[in-house]
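Here's the structure we're looking at; comments come further down.
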Protein chains: 2
Amino acid sequence: MRSRDPDLNAERRQAILDAAVSCFVRQGFHATSMKDICAEAGMSPGTLYHYVRSKADIIAGIIDNQAGFSRALIEPLAEAADFRAALFDALDRFAAGIADRDLVLNAEIGAELLRQPSLRERAAEADRASRRTLSAAIAAALGQGALRHDLDPDDTAAMLLALIDGALWQATLNGSAHFAAALPALKAAIGRILSVPGDGCP
Amino acid sequence: MRSRDPDLNAERRQAILDAAVSCFVRQGFHATSMKDICAEAGMSPGTLYHYVRSKADIIAGIIDNQAGFSRALIEPLAEAADFRAALFDALDRFAAGIADRDLVLNAEIGAELLRQPSLRERAAEADRASRRTLSAAIAAALGQGALRHDLDPDDTAAMLLALIDGALWQATLNGSAHFAAALPALKAAIGRILSVPGDGCP
DNA sequence: ACCTGAACACCGTTCAAGT
DNA sequence: ACCTGAACACCGTTCAAGT
């Protein structure tokens with residue numbers, strides 16, 4: 001695992017992670033053997049273990065690489081002028097960019113999180129970070145009077161994330177097209193939670 | 001697998017499933033070997049395979065046994081006089097009855113669903129059934145004028161299930177106590193989605 | 001330092017042999 | 001019919017041996 005050439009090390013390690021992602025998407029995490037990853041990466045088991053500690057370590061690397069779905073979605077909201085518009089926009093871009101491939105990989109990762117306590121803690125921390133960012137954005141929007149005045153920023157952030165996560169899981173079970181199809185309903189539900197003016201109360 | 005005594009067959013099979021649940025909760029699905037389950041159930045591998053087709057078959061049996069979290073939650077809503085009150089009540093009972101053990105098992109099952117296509121289809125079907133039941137209950141409540149009039153029953157059912165599912169996942173990452181703590185926020189969000197009178201628009 | 005591939009302990013599953 | 005446990009093919013990982 002230790003090596004003297006950090007460039008080569010990083011390069012080879014990345015190649016292994018890429019090969020692993022290809023295998024995981026194609027066959028799932030537990031159906032792909034180390035031998036499969038070796039073949040895809042074009043190296044022997046001994047070499048592979050020179051750059052990577054274990055199969056679990058590969059997953060951890062992949063998680064760090066893509067740093068979670070939600071961050072790309074949430075980060076831009078922090079300094080948005082119009083919170084609601086920015087959130088809906090992010091959801092649109094997210095839905096457009098998503099593929100079955102991503103959903104499967106995301107679910108494979110989610111599944112593995114539960115089994116490796118260190119991974120689980122890392123994921124819980126990433127979750128809390130997302131929630132803090134979103135909560136801050138909501139608090140800012142509240143300050144502008146853009147949202148229903150009695151919202152608790154933290155609770156609301158948690159509920160929005162839960163809603164999006166649940167919709168993603170439904171799409172994972174039913175195919176990625178399902179997420180795009182559910183987008184209007186999702187926006188409507190979010191609009192009602194936020195009680196954005198114009199999305200209206202009777 | 002075939003046997004002549006259906007009673008013994010069912011009894012032994014159930015004993016295997018129970019032993020497997022104990023192991024899965026304790027160690028997770030992939031960390032428990034068939035040998036572990038054999039030891040817990042007190043039989044040899046050959047005998048175990050006499051009553052059970054494979055490890056995946058054990059999971060399928062467990063899924064059928066508990067038939068999903070959501071059914072117990074949703075079924076009573078079908079003929080409820082007050083939909084909102086019944087839903088909140090079901091959530092309360094649900095939160096009270098839930099333990100870390102259940103969340104872990106639920107997540108282990110969810111993880112495995114993705115890998116076994118037949119299990120996945122079964123889960124998707126169960127999901128659609130939950131959604132139909134909930135949708136019908138919402139439609140009935142709409143007919144009584146108890147909910148915001150412009151709700152689409154099907155979309156709303158999907159969003160409520162997504163929200164609850166997402167909250168369950170957050171609790172799975174952060175411990176089961178998290179679900180009870182999130183209950184007020186969850187009810188508030190649901191109330192806003194439904195725009196139940198009195199839970200109010202400004 | 002970097003790489004190989006045989007070897008190790010263990011896995012899920014099968015099957016000849018018992019009763 | 002029901003049960004046993006050794007045997008099979010394969011897994012993730014290691015390590016002596018090469019360059």
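Residue numbers begin at 1 in each chain, while the letters A, B, ... track the order of the sequences.
Contacts classified as ring pair (Phe, Tyr, Trp, His ring centres under 6.0 Å) and involving residues 24-46 of chain B (residues at least two apart or in different chains) are given here: A:H30-B:H30, B:F24-B:F29. Residue pairs that meet the salt bridge (Lys or Arg N to Asp or Glu O under 4.0 Å) test with at least one member in residues 25-43 of chain A, sequence neighbours left out, are A:R26-A:E40.
Contact annotation for B:S33: backbone-only contact, meaning every heavy-atom pair under 4.0 Å involves sugar-phosphate atoms and none involves a base.
Closest approach of B:T32 to B:C23, counting heavy atoms only: CG2-O, 3.3 Å. The two atoms that bring A:Y49 and A:M34 nearest to each other are OH-CG, 3.6 Å, heavy atoms only.
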Encode nucleotides 13-19 of chain C as B, S and - characters from 5' to 3', where the letter depends on protein heavy atoms closer than 4.0 Å: B to the base, S only to sugar-phosphate, - to neither.
-> BBB----
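Take the nearest nucleotide of DNA chain D for B:R12 and for A:F29: the residue whose nucleotide is more 5' is B:R12. Between A:T32 and B:M43, the one whose closest nucleotide on DNA chain D sits nearer the 5' end is B:M43.
The NE2 atom of A:H50 sits 11 Å away from the P atom of C:dT4 (whole-angstrom rounding). For B:I16 and D:dC3, the CD1 to C1' distance is 12 Å, given to the nearest whole Å.
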Do any side-chain atoms of residues 86-96 of chain A form donor-acceptor pairs under 3.5 angstrom with protein atoms, and if so which ones, sequence neighbours left out?
unit_1 : atom_1 : unit_2 : atom_2 : d
A:D92  : OD1    : A:K187 : NZ     : 2.9
A:D92  : OD2    : A:K187 : NZ     : 3.2

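Under 3.5 Å, the side chains of B:T133 and B:S130 contain no donor-acceptor pair of N or O atoms.
Looking at heavy atoms from C-beta onward, B:I62 lies in side-chain contact with B:V21 at the 4.5 angstrom threshold.
Here A:R131 pairs with A:D154 under the salt bridge (Lys or Arg N to Asp or Glu O under 4.0 Å) rule; sequence neighbours left out.
Every stem involving DNA chain D, taken as at least 3 paired positions in a row under the Watson-Crick or G-U wobble test at 3.5 Å, is listed here: C:4-8 with D:12-16, C:12-16 with D:4-8.
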